[in-house]
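Right, one structure below, let's go through it.
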Amino acid sequence: MANASEPGGGGGGEAAALGLKLATLSLLLCVSLAGNVLFALLIVRERSLHRAPYYLLLDLCLADGLRALACLPAVMLAARRAAAAAGAPPGALGCKLLAFLAALFCFHAAFLLLGVGVTRYLAIAHHRFYAERLAGWPCAAMLVCAAWALALAAAFPPVLDGGGGDDEDAPCALEQRPDGAPGALGFLLLLAVVVGATHLVYLRLLFFIHDRRKMRPARLVPAVSHDWTFHGPGATGQAAANWTAGFGRGPTPPALVGIRPAGPGRGARRLLVLEEFKTEKRLCKMFYAVTLLFLLLWGPYVVASYLRVLVRPGAVPQAYLTASVWLTFAQAGINPVVCFLFNRELRDCFRAQFPCCQSPRTTQATHPCDLKGIGL
């Protein structure tokens with residue numbers, strides 16, 4: 001009796017484990033697709049979000065949604081085949097195709113986040129250059145195309161494959177070839193270099209902001225004024241700014257001879273004022289949170305791959321390898337959540353575009369996103 005009941009208990013445990021695994025993968029797939037599609041619709045519909053940073057974020061979310069749609073169903077199918085011990089395992093071509101897609105989306109996210117970090121640094125450290133040359137959609141389109149091209153060049157050689165389908169979690173994992181350690185090691189080194197360079201850019205940006213926040217003693221030098229223009233070393237520049245913006249009266253200040261004042265339709269660019277600086281800082285925090293999560297969720301798998309390449313394939317426990325692979329799956333659906341948590345502008349625009357997703361009290365207290373800029 002005891003011997004007859006043991007197989008049934010083992011089968012019930014395996015069925016429960018399979019059900020939990022399939023339910024978790026289905027939840028990850030639904031969350032990733034729903035979050036990324038909703039985020040894409042929000043950026044497309046909201047005109048105030050038609051800016052270069054959000055275009056880059058749109059491309060990142062669409063790539064995450066495509067990765068979840070391409071990889072997670074294959075992992076679910078492989079898990080069912082492994083549990084049922086029926087059906088042919090994925091062939092070598094299918095494993096290489098899935099591994100190529102995983103490497104493509106991984107490299108695309110890494111290269112795109114590097115480009116985003118560089119643009120964030122330019123937006124704060126060289127705001128006038130960024131506003132004149134890099135703030136439009138052509139720059140965002142060029143950066144997106146460059147990220148996809150570099151990712152395709154890095155992932156196209158099939159140096160990584162699925163390992164033959166022995167593990168149900170392997171079809172979308174970046175498993176190295178048994179005889180291709182140099183290629184897999186090159187993949188890992190390139191990924192580590194790109195992610196490290198991205199964090200160095202954000203570190204340089206942090207130092208730049210910290211240096212500009214140092215307190216310096218004020219030197220009060222009297223300004224020179226004969227006709228209420230207030231020029232000279234002690235001038236605050238407000239009179240000159242008013243004259244340049246088109247509000248000046250009287251003769252041209254001596255320091256502004258040769259400069260034409262801005263008319264009503266000229267739309268002269270300003271320097272980075274306090275409110276714009278706060279907006280750029282919020283965008284920097286949001287993108288760095290996305291970059292840090294990319295490192296944290298891909299880091300365990302990269303470490304496991306280093307150990308399998310440099311030491312031996314059996315040096316990593318199977319439980320750790322499975323957990324690290326599932327963390328990479330979670331990365332495909334967590335970016336929209338992080339963006340909504342770290343960006344108040346996205347939350348306000350979401351409430352304005354989708355009023356059905358909030359309570360009536362919140363709806364009455366929320367103004368449309370386009371009216372915030374005029375103080376309503």
pair L189-Y306: side-chain heavy atoms closer than 4.5 Å: yes
Quick check, are the ring centers of Y288 and F342 under 6.0 angstrom apart? no
Honestly curious: do L27 and M76 fall in one hydrophobic cluster under the side-chain, below-4.5 Å linking rule? no
From CG (L49) to CG (L346), nearest 0.5 Å: 6.0 Å
Residue pair T322 / Q318, side-chain heavy-atom distance below 4.5 Å: yes
Answer yes or no: is there a donor N or O on one side and an acceptor on the other, between the side chain of Y320 and the main chain of P300, under 3.5 Å? yes
Just checking, is any N or O donor in the side chain of D64 or N335 under 3.5 Å from an acceptor N or O on the other one? yes
Check whether any side-chain heavy atom of L122 sits under 4.5 Å from a side-chain heavy atom of R133, and report yes or no. no
Is there a donor-acceptor pair under 3.5 Å between the side chain of N343 and the backbone N or O of C339? no
Minimum heavy-atom distance R51-L283, with the two atoms named: NH2-CD1, 4.5 Å
Got a donor-acceptor contact below 3.5 angstrom from the S32 side chain to the L29 backbone? no
Which label fits Y301 and W298: parallel for a plane angle under 30°, tilted from 30 to 60°, or perpendicular past 60°? perpendicular
Output yes when a side-chain donor or acceptor of R67 lies under 3.5 Å from a complementary backbone atom of L101, and no otherwise. no
Side chains of E345 and Y54: do they bring a donor and an acceptor to under 3.5 Å? yes
Close side-chain approach of P336 to L38, heavy-atom, < 4.5 Å: no
Please state whether the rings of F39 and F340 are parallel, tilted or perpendicular, taking 30° and 60° as the class boundaries. perpendicular
